[in-house]
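Convention: sequence-line order gives letters A, B, ...; per-chain numbering from 1. Worth knowing before you read on, the calculation uses all heavy atoms, side chains too, and leaves out hydrogens, waters and symmetry mates. If you're wondering where the values come from, they're calculated on a predicted model, not measured in any experiment.
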Amino acid sequence: MTRRPLILRDLVAPVWKIPRGKVTTYGDVARAAGFPRHARQVAWALRNAHGSIPWHRVVGAGGEIKLRGHPGMEQRLRLESEGVTFRGRRIPMRLHAFRFPVAKRRLG
DNA sequence: ACTGTGACGGGGC
DNA sequence: CGCCCCGCCACAG
């Protein structure tokens, strides 16, 4: 099985669907894009994606911000300004996790 | 071709 | 909660 080529735009496309006040994980974005097990590549793609993409709405599984230093602070501020709450270092995913619609499924 | 490096994820303790 | 370990995968040297 030849591996489908990884197109940065496709990989981060799902990020545009995350509404204000909600967050998703790198792994979920990867799966929603059709590239399971590519969580790290999603992070890499966001890093290399300049532009107005809402990158701050993507966090690590468990609701923890994975960016270190100032960039991480900025992400937290951006999220809080959108209404996302924190409990310690983490975001209660129970409250703010955005669920991507289930992957396309061929019906009969 | 090989090695080191992550904005990752999951599991074990 | 913190730590460690390991699987994963594209990229830079």
Side-chain angles (χ1 to χ4, degrees):
Chain A
M1 295 283 275
T2 55
R3 212 187 298 277
R4 186 151 62 103
L6 190 61
I7 309 303
L8 272 60
R9 192 175 64 244
D10 295 341
L11 192 56
V12 300
V15 175
W16 294 101
K17 298 189 174 185
I18 310 171
R20 277 178 58 95
K22 290 292 181 181
V23 298
T24 314
T25 68
Y26 297 92
D28 282 347
V29 171
R31 279 191 292 280
F35 289 92
R37 297 184 296 290
H38 285 241
R40 305 188 86 133
Q41 284 54 232
V42 169
W44 175 81
L46 289 179
R47 185 109 186 91
N48 287 286
H50 24 60
S52 52
I53 186 169
W55 58 271
H56 58 287
R57 295 178 190 155
V58 185
V59 301
E64 181 184 22
I65 286 182
K66 307 295 270 190
L67 265 177
R68 292 318 198 85
H70 182 280
M73 298 272 84
E74 184 185 333
Q75 179 172 18
R76 177 162 181 156
L77 289 177
R78 280 173 178 256
L79 289 175
E80 292 181 322
S81 75
E82 294 187 346
V84 175
T85 63
F86 283 73
R87 197 179 66 190
R89 304 172 170 295
R90 308 190 311 93
I91 295 170
M93 296 305 270
R94 202 55 77 81
L95 305 177
H96 304 102
F98 169 68
R99 303 300 192 177
F100 283 109
V102 186
K104 57 192 60 174
R105 183 149 293 306
R106 256 166 295 290
L107 304 181

Grab the [atom1]-[atom2] distance between [X] and [N] for me, whole Å please.
X        : N      : atom1 : atom2 : answer
Gln75(A) : dA7(B) : CD    : C1'   : 8 Å
Arg90(A) : dG9(B) : CZ    : C1'   : 15 Å
Met93(A) : dG9(B) : CE    : C1'   : 13 Å
Leu11(A) : dC9(C) : CG    : P     : 13 Å
Asn48(A) : dA7(B) : CG    : C1'   : 11 Å
Lys66(A) : dT5(B) : NZ    : P     : 18 Å
Arg68(A) : dC8(B) : CZ    : C1'   : 13 Å

**Message:** Go nucleotide by nucleotide along DNA chain C from the 5' end; which of Arg40(A) and Trp44(A) gets its closest nucleotide reached first?
**Reply:**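 Comparing both residues, the 5'-ward one is Arg40(A).
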
**Request:** To the nearest 0.5 angstrom, please state how far the CD1 atom of Ile53(A) sits from the CZ atom of Arg9(A).
**Result:**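 So the CD1 of Ile53(A) and the CZ of Arg9(A) are separated by 11.5 Å.
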
**Item:** Lys17(A) atom NZ, neighbour heavy-atom count above 12 within 6.0 Å
**Value:**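 Counting other residues, nucleotides and ligands, NZ of Lys17(A) stays at 12 neighbours or fewer.
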
**Item:** Closest non-hydrogen atom pair between Val15(A) and Trp55(A), with its separation
**Value:**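 Result for this residue pair: CG1-N, 4.5 Å.
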
**Message:** Using a strict threshold of under 4.0 Å (side-chain N to carboxylate O), is an ion pair present between Arg78(A) and Glu74(A)?
**Reply:**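 Result for this pair is yes, salt bridge flagged.
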
**Item:** Under-3.5 Å donor-acceptor pair between Arg37(A) side chain and dC8(C) base
**Value:**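 No pair found.
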
**Message:** At 4.0 Å (heavy atoms only), tell me whether Ile65(A) reaches a base, stays on the sugar-phosphate, or touches nothing.
**Reply:**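 Nothing: the residue Ile65(A), judged by heavy atoms under 4.0 Å, touches no strand.
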
